[in-house]
Amino acid sequence: MKEKNRGLGLFTLLIYLFLLGPLVIIAIASFEPGGALKFPPTGFSLKWYQNIFEVSMFKTSFITSILVSLAGNLLALLLGLPAAYALSRFQFKGKNALNAIFISPILIPGIVLGFTMLKYVIITYNLPVYTALLLGHTVIMLPFIIRVIASSLANFDFAVEEASLSLGAGRLKTFFTVVLPNIKSGIIAAVLIAFLESFNNVDISVFMTGPGISTFPIQMLLYVENNFDPTIAAISVLLMLFTAVLMFLIERLMGLSYFTKR
Amino acid sequence: MAMLTLENIAVAYDQQYILKDFNLSVEKGSLISLLGPSGCGKTTTLRLIAGFLEAKDGRFTLNGKDYTRVPVNKRNFGFVFQSYALFPHLSVYDNVAFGLRLRKVSKADIDRRVRKMLEVANLTGFEQRFPKELSGGQRQRVAIARALVIEPDLLLFDEPLSNLDANLRVNMRVEIRRIQQELGITTVYVSHDQEECFSISDQVAIMNKGIIEQLDAPSTIFKYPKTEFVARFIGFNNFISFDNRQENGREIQLQAGGHSFLAIQGEGRGAQKGLKGAVRPDDLKLGTSDEIDLGANVVTGRVKVSTFLGRSYQYVVNTELGEFTVNKEMEQPYVSGQEVRVLFPVEKLILVE
Amino acid sequence: MKKSYLAILLLPGLVFLAAFMVIPILLTVGSTFYHESRFTVEGYVHFFKDPYFLKIVWTTLRVSVITTLLCMALGFPTAYYISRQNPRRKGLLLALAIFPLLTSSVVRSFSWTIILGKKGLLNNTLLSLGVIQEPLNILYTPTAMIIGLIHLFLPLIIITLVGVMENIDSDLVKAAESLGASRFSAFCKIIIPLSVPGLIIGGILVFVGSLTAYTTPALLGGKQRVISTFLYQNAITLNDWYLASVIATIMMVITFIIITLMNKLAAKLNPKGS
């Protein structure tokens with residue numbers, strides 16, 4: 001029995017080596033002083049980290065990504081919070097179908113979403129790049145916002161809401177004074193998760209970036225097409241740190257159990 | 001004069017009626033319980049009174065005012081929930097003050113009334129605690145204090161004690177009754193626990209499938225159930241179907257399968273209608289042919305099963321008129337197959353519809 | 001009153017999705033049947049007659065199937081191991097699986113170029129160990145795509161399965177053992193059947209993800225096209241929007257068929273009944 005456990009443990013260790021090894025390798029390789037990415041590195045240097053800040057497109061595309069993610073998040077929250085509340089709070093006909101529609105942007109291929117939006121929204125109405133990015137990213141953030149908030153509302157006792165009503169508060173007042181404070185951390189977690197989804201998105205952005213305006217991941221893809229220097233490795237390290245911080249916040253706010261639910 | 005009245009109320013979910021032509025009236029200042037199995041409509045009735053549900057038809061008035069279309073938050077009723085439904089993000093003090101703040105009561109008045117209420121509910125010293133830092137009984141008292149502090153016109157309880165352990169339940173129901181009588185506030189109380197309802201209420205309504213089977217004082221229901229459903233619900237589990245009945249003054253003569261029975265129109269029990277006799281297992285007499293003479297109200301049968309209950313034995317006796325369950329205290333039990341006689345005492349034989 | 005209340009809450013989101021997702025998709029699908037002012041299915045006939053296009057579809061499907069099967073095979077034992085650890089270790093292992101999932105796919109796929117390249121870590125190691133004489137050609141092949149996609153989606157199936165396995169009452173295995181089952185046969189008769197729905201949901205996620213992934217094939221696939229990169233190429237580089245629309249429709253149809261079939265399978269294999 002112990003024997004089998006050890007075998008399984010070893011197997012799991014190898015799997016984790018496979019999952020995390022490449023990330024460790026890219027982190028170590030980012031300190032390569034030479035002009036070509038190598039592992040193991042031939043020395044230690046921070047010059048490629050410096051280089052990130054010297055390529056102006058990285059700076060502008062980073063700002064674009066942050067702005068699009070934040071604005072899209074706000075919009076997705078305005079649209080998604082009421083929907084998540086309605087879907088969690090009430091029983092009504094067609095609820096399952098509505099749920100499916102709201103979650104569908106996760107299942108529809110991103111590349112198809114991007115293309116169809118480009119063809120029938122952006123070009124048809126001749127929308128500027130920023131607007132296009134904002135709309136596209138809102139579409140993909142919406143299901144995450146709704147799912148995470150709904151899972152937070154699943155732990156909320158709606159009798160509390162009725163208690164507030166019976167004590168004299170109206171529906172809107174009840175929502176803001178009783179419901180909202182109790183799902184606050186769920187909402188913040190939803191915003192963070194949606195933010196990561198949007199910030200890392202490639203397959204929708206790739207259709208919407210225009211001349212001189214692109215998002216950060218698209219800029220990274222463009223860069224590696226022409227360069228094999230360790231700049232991208234350096235960026236990767238910074239992005240991983242950034243991801244780790246956000247993930248830590250999500251864990252503090254609502255635990256990680258959301259991710260294991262399907 | 002009735003203070004709360006429901007007239008011809010109908011409630012439906014998706015074309016399915018839960019209540020239809022439902023009527024109820026409650027005296028001012030009294031506590032009425034709605035009791036019944038799950039799905040009987042008791043909670044629906046309560047939620048309708050509270051305003052969480054809208055009546056499809058009918059009228060609900062309180063003190064002569066029509067409340068049928070008044071929204072929940074304009075009713076000024078206190079509601080105590082099964083899950084207590086305390087605001088998790090507010091302290092005990094803020095939970096109790098919630099309703100007063102909405103009523104734009106002055107700060108000083110809020111403070112005075114909240115503290116007074118917490119005193120009544122034995123919660124002084126817990127002002128700054130949060131709900132999750134309280135025990136079940138304390139939460140329950142906060143819930144009651146929160147509902148009472150707004151000086152509600154009506155107090156509603158939805159199975160308020162079902163999440164508490166047995167000892168606490170007994171203490172809390174005494175507490176609820178004390179506060180309710182002290183403040184003289186009309187109260188509707190829903191539970192599926194008989195003992196709880198009977199001990200706390202002025203009147204009990206036994207409900208079944210959306211109708212009230214019987215509405216009476218607890219002791220009346222306990223002694224004189226009107227229908228077979230009520231009788232079964234409160235523990236009468238021996239029934240005889242009679243073929244005919246004849247009234248002779250206070251006496252009622254009955255026939256069942258060649259056996260003759262006698263029942264009586266007792267003091268305060270009202271007219272006994274119906275052709276079904278009901279008796280509790282504790283009230284039946286059991287004996288051998290030496291102990292019980294043949295005659296009216298006696299049936300002969302054989303012991304089918306005997307079970308030791310601790311203080312007494314329980315027998316299932318098979319007779320010509322069906323099986324009867326009898327509890328009897330004795331040293332030496334009867335054995336299976338033994339011939340016995342069952343006596344239905346005249347004053348314990350209740351006729352139900 | 002309640003209906004209008006629901007509408008206020010739900011309509012903004014629905015209208016938004018309708019305008020920017022549902023209608024564009026329907027118009028795209030419609031446009032493939034109505035080309036140059038007449039009804040036609042020519043786009044599809046043309047597509048399925050062209051061996052180059054078919055090869056792309058075939059490669060994509062093959063890569064996705066292999067990725068899915070390997071993810072299932074590797075993920076299942078790992079998830080089982082994780083689900084049986086104490087809460088602290090379980091939490092740590094889950095966090096370490098979720099972290100890559102939240103990390104940019106560009107970073108994750110790019111990291112494999114350092115490992116799989118001609119002068120990459122793998123070739124260098126194997127050469128210096130004398131296992132091979134010539135460097136292996138892995139990068140920019142379907143194999144590299146499969147490796148990258150497994151790396152991308154394995155955590156997804158692991159955490160999905162852990163979620164399902166956590167909910168299997170551990171007393172069930174003990175009950176089976178008390179009835180005479182060995183630890184192994186208890187595993188086969190209890191854990192595996194009860195995990196099947198999770199395995200299939202995870203499988204759907206991996207398969208659809210692999211089928212539609214863009215970044216990984218773009219970075220690791222080299223000249224080897226898959227449906228998603230082919231769609232992008234036609235839409236943006238070649239400006240053949242009609243063909244791009246046909247590809248988009250085919251992609252959605254395949255996705256839809258896969259999801260439906262696997263859901264049916266899940267319902268059929270669900271030991272608790274559907």
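The sequence lines fix the lettering, A, B, ..., with proteins before strands; numbering per chain opens at 1. Atom set for the values below is all heavy atoms of this structure, side chains included, hydrogens, waters and symmetry mates excluded.
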Residue pair [X] / [Y]: nearest heavy atoms and the distance that separates them:
X        : Y        : result
A:Leu167 : B:Leu102 : O-CD1, 3.8 Å
B:Pro88  : A:Val160 : CD-CG1, 4.2 Å
B:Ala85  : A:Ala163 : O-CB, 3.7 Å
A:Asp157 : B:Ser83  : OD2-OG, 2.7 Å

Contact class of [X] relative to chain A, heavy atoms under 4.5 angstrom:
X        : value
B:Arg103 : side chain
B:Phe87  : both
B:Leu100 : neither

Report the C-alpha separation of B:Phe79 and A:Glu162 in whole Å, then their side-chain angles, then the decisive distance to 0.1 Å, and conclude whether the side chain to side chain contact (heavy atoms under 4.5 Å, CB included) test is met. CA-CA 9 Å; B:Phe79 198 104; A:Glu162 292 185 332; 5.9 Å; no
Quick check on the interface: out of A:Pro181, A:Ala169, A:Gly170, who has the most heavy-atom pairs with chain B under 4.5 Å? A:Ala169
So, the part of A:Ser164 with a heavy atom under 4.5 Å from chain B: the answer is both
Closer than 3.5 angstrom, by distance alone: can the side chain of B:His89 be matched with the main-chain N or O of A:Ile183 as a donor-acceptor pair? no
Given 3.5 Å as the limit, does a donor-acceptor pair link the side chain of B:Arg75 with the main chain of A:Gly168, or not? no
Above 12 or not: heavy atoms from other molecules or residues under 6.0 Å from NZ of A:Lys173? no
Quick check on B:Gln16: does its CD atom have over 12 non-hydrogen neighbours (other residues, nucleotides or ligands) under 6.0 Å away? no
Mind checking the CG-OG spacing from B:Asn76 to A:Ser166? Nearest 0.5 Å is all I need. 10.0 Å
